[in-house]
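Beneath this line is the structure, given in structure tokens, with notes to follow.
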Number of protein chains: 2
Amino acid sequence: MAPRGRPRDTQVDERVLRIAAALIFERGYAGLSIDEVAEQAGVAKTTLYRRWSTKDHLAVAVVARLQADDEITDTGDIRADLVDYMEKIAAGLNRMRAAGGREGPSAGAVGELVAAAARHEDIGRLTREQYATRNTIALALIERARVRGELRADLDAEALFDQLAGALYYRVMITGAPIDRAYAERLVSSALEGSLTCH
Amino acid sequence: MAPRGRPRDTQVDERVLRIAAALIFERGYAGLSIDEVAEQAGVAKTTLYRRWSTKDHLAVAVVARLQADDEITDTGDIRADLVDYMEKIAAGLNRMRAAGGREGPSAGAVGELVAAAARHEDIGRLTREQYATRNTIALALIERARVRGELRADLDAEALFDQLAGALYYRVMITGAPIDRAYAERLVSSALEGSLTCH
DNA sequence: CCAATTACGAAACTGGAGTTGCGTAATTGC
DNA sequence: GCAATTACGCAACTCCAGTTTCGTAATTGG
């Protein structure tokens with residue numbers, strides 16, 4: 001069952017990812033040099049490129065490990081559950097943002113990841129799939145709340161989730177503002193309660 | 001009042017931006033080569049770098065000209081006005097997205113711009129200022145609707161706008177889904193009407 | 001043991017961003 | 001006219017991502 005030729009040295013992957021992560025956090029995305037990673041890891045550059053076809057692919061692999069597998073909690077209180085979920089997404093974003101290298105308001109590595117997804121078909125597909133999974137879970141949460149009568153029957157769940165998640169990304173990438181629990185609560189309140197005076 | 005030394009050739013700016021725009025739309029951000037732009041424009045590379053300190057700066061200058069100055073209309077119907085405004089933002093995003101070079105779902109040049117803002121302090125500051133201006137205008141629109149009683153008195157205008165604008169960016173950059181008038185309407189409806197059943 | 005296959009290392013190479021140094025051109029202030 | 005100042009072109013240069021070539025090592029199947 002083992003593949004035909006010489007097997008890959010599995011220790012390389014772990015070592016490289018650790019070194020690359022250290023470089024990204026220390027000097028930012030631009031400060032990540034393939035040559036330097038290869039040298040510090042004690043492997044040839046070709047060995048790196050066999051595993052990650054571009055610097056973008058390597059960086060994405062590094063950052064992907066930062067994302068905790070956001071477990072979603074369904075307590076029956078949709079407001080609390082959504083705030084919780086938003087906070088988890090925000091934590092992931094803030095972690096990636098810290099990998100920017102630059103201080104001050106800046107998207108950090110988040111922007112580079114979006115650019116990487118735009119540059120490489122496969123990275124784009126991969127991240128879209130991850131987000132689709134997340135979407136599905138969140139939409140199910142919303143749907144359950146709708147079914148049990150907590151939310152409007154004619155709810156547009158997709159729009160609701162886009163609003164919530166989108167606002168987080170918008171803040172991190174465009175306005176550069178920090179996101180914390182207080183903001184997550186404001187966001188969920190605004191989205192749930194709406195803006196019209198028809199109450 | 002004229003500056004001291006030899007004046008810059010003002011024709012260069014226009015010519016370079018036109019050529020760079022053509023290259024970006026034809027081959028995408030990665031296909032934009034400084035050497036090629038310089039050659040086609042008939043100027044030296046140093047002349048380019050005197051005006052735009054990096055390729056990112058040049059590209060941002062190119063794309064900045066794509067953005068129409070979104071004039072905001074205040075008809076007194078906040079729902080219609082917001083849909084209108086969202087559609088204008090969406091049009092700008094779709095235009096930039098077209099500058100990606102790649103076909104299929106992809107952020108196109110939008111992702112590169114976000115990355116550029118993250119990479120260069122000055123670009124980040126500049127774009128944040130532009131967005132701040134836009135924010136101010138939109139917040140004023142919302143505020144007027146609130147004052148005349150169309151919107152809730154205890155409205156969180158900032159959160160509302162983040163939700164709307166954020167969802168657009170989220171769709172373009174992350175999910176890669178297209179945005180049209182129908183989506184803008186869904187978005188505004190969802191945000192205005194809220195999701196709770198307490199109506 | 002042997003052929004096929006895949007991984008690895010080393011080194012040279014290509015291409016593009018950005019820099020540097022230098023000679024020359026255009027302008028202002030005097 | 002003359003000095004100071006800024007723009008321009010040209011060419012060589014550095015740096016880094018990514019590629020190519022080639023010799024060698026480890027593994028499977030027979």
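First the proteins, then the strands, lettered A, B, ... as listed; each starts at 1.
Residue contacts for G42(B): at a heavy-atom cut-off of 4.0 Å it reaches the sugar-phosphate backbone alone, with no base atom in range.
For the pair H57(A) NE2 and dT19(D) P, the computed distance is 11 Å after rounding to whole Å. The nearest whole Å value for the distance from the CD atom in E39(A) to the C1' atom in dA11(C) is 15 Å. Atom CG in D56(B) sits roughly 17 Å away from atom P in dG16(C) (whole-Å rounding). The distance from atom CD of Q11(A) to atom P of dA7(C) is 17 Å, rounded to the nearest whole Å.
For R65(A), the side-chain contact (heavy atoms from CB on, under 4.5 Å) partners at least two apart in sequence or on another chain are E14(A), L17(A).
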Check the interface with nucleotides 1-6 of chain D: list each N/O to N/O pair with the protein under 3.5 Å, or write none.
| unit_1 | atom_1 | unit_2 | atom_2 | d |
| --- | --- | --- | --- | --- |
| dT6(D) | O2 | R6(B) | N | 3.0 |

Quick one: do E158(A) and R171(B) satisfy salt bridge (charged side-chain N to carboxylate O under 4.0 Å, His left out)? Show the steps, please. CA-CA 11 Å; E158(A) 197 188 7; R171(B) 275 194 80 96; 3.2 Å; yes
Side chain to side chain donor-acceptor pair (under 3.5 Å) between R146(A) and S195(B), intermediate numbers included: CA-CA 9 Å; R146(A) 193 184 66 79; S195(B) 308; over 6 Å; no
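A salt bridge links E185(B) with R181(B); the closest basic N to acidic carboxylate O contact falls under 4.0 Å. Using a cut-off of 4.0 Å between Lys/Arg side-chain N and Asp/Glu carboxylate O, D77(A) and R79(A) are scored as not salt-bridged.
Within the structure, every pair that satisfies the ring pair (Phe, Tyr, Trp, His ring centres under 6.0 Å) test and touches residues 44-89 of chain B, not counting sequence neighbours, is listed here: H57(B)-H120(B). Pairs of residues two or more places apart, or lying in two chains, that qualify as ring pair (Phe, Tyr, Trp, His ring centres under 6.0 Å) and include a residue from residues 157-186 of chain B are Y169(A)-Y170(B), Y170(A)-Y169(B).
Contacts of residues 12-23 of chain B with DNA chain D (heavy atom under 4.0 Å): none.
Considering only heavy atoms from C-beta on, R119(B) comes within 4.5 Å of E112(A) through its side chain.
E87(A) CD to L168(A) CG: the interatomic distance, rounded to the nearest 0.5 Å, is 10.5 Å.
No side-chain donor-acceptor contact under 3.5 Å links D35(B) to the backbone of K45(B).
Taking the nucleotide of DNA chain C with the nearest heavy atom to each of R51(A) and S53(B), the more 5' of the two is matched to R51(A).
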Using a 4.0 Å cut-off on protein heavy atoms (strictly under), produce a 5'-to-3' string for nucleotides 10-17 of chain D with B for base contact, S for backbone-only sugar-phosphate contact, and - for none. B------S
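Counted by atom type alone, R8(B) and T47(B) present zero donor-acceptor pairs between their side chains at under 3.5 Å.
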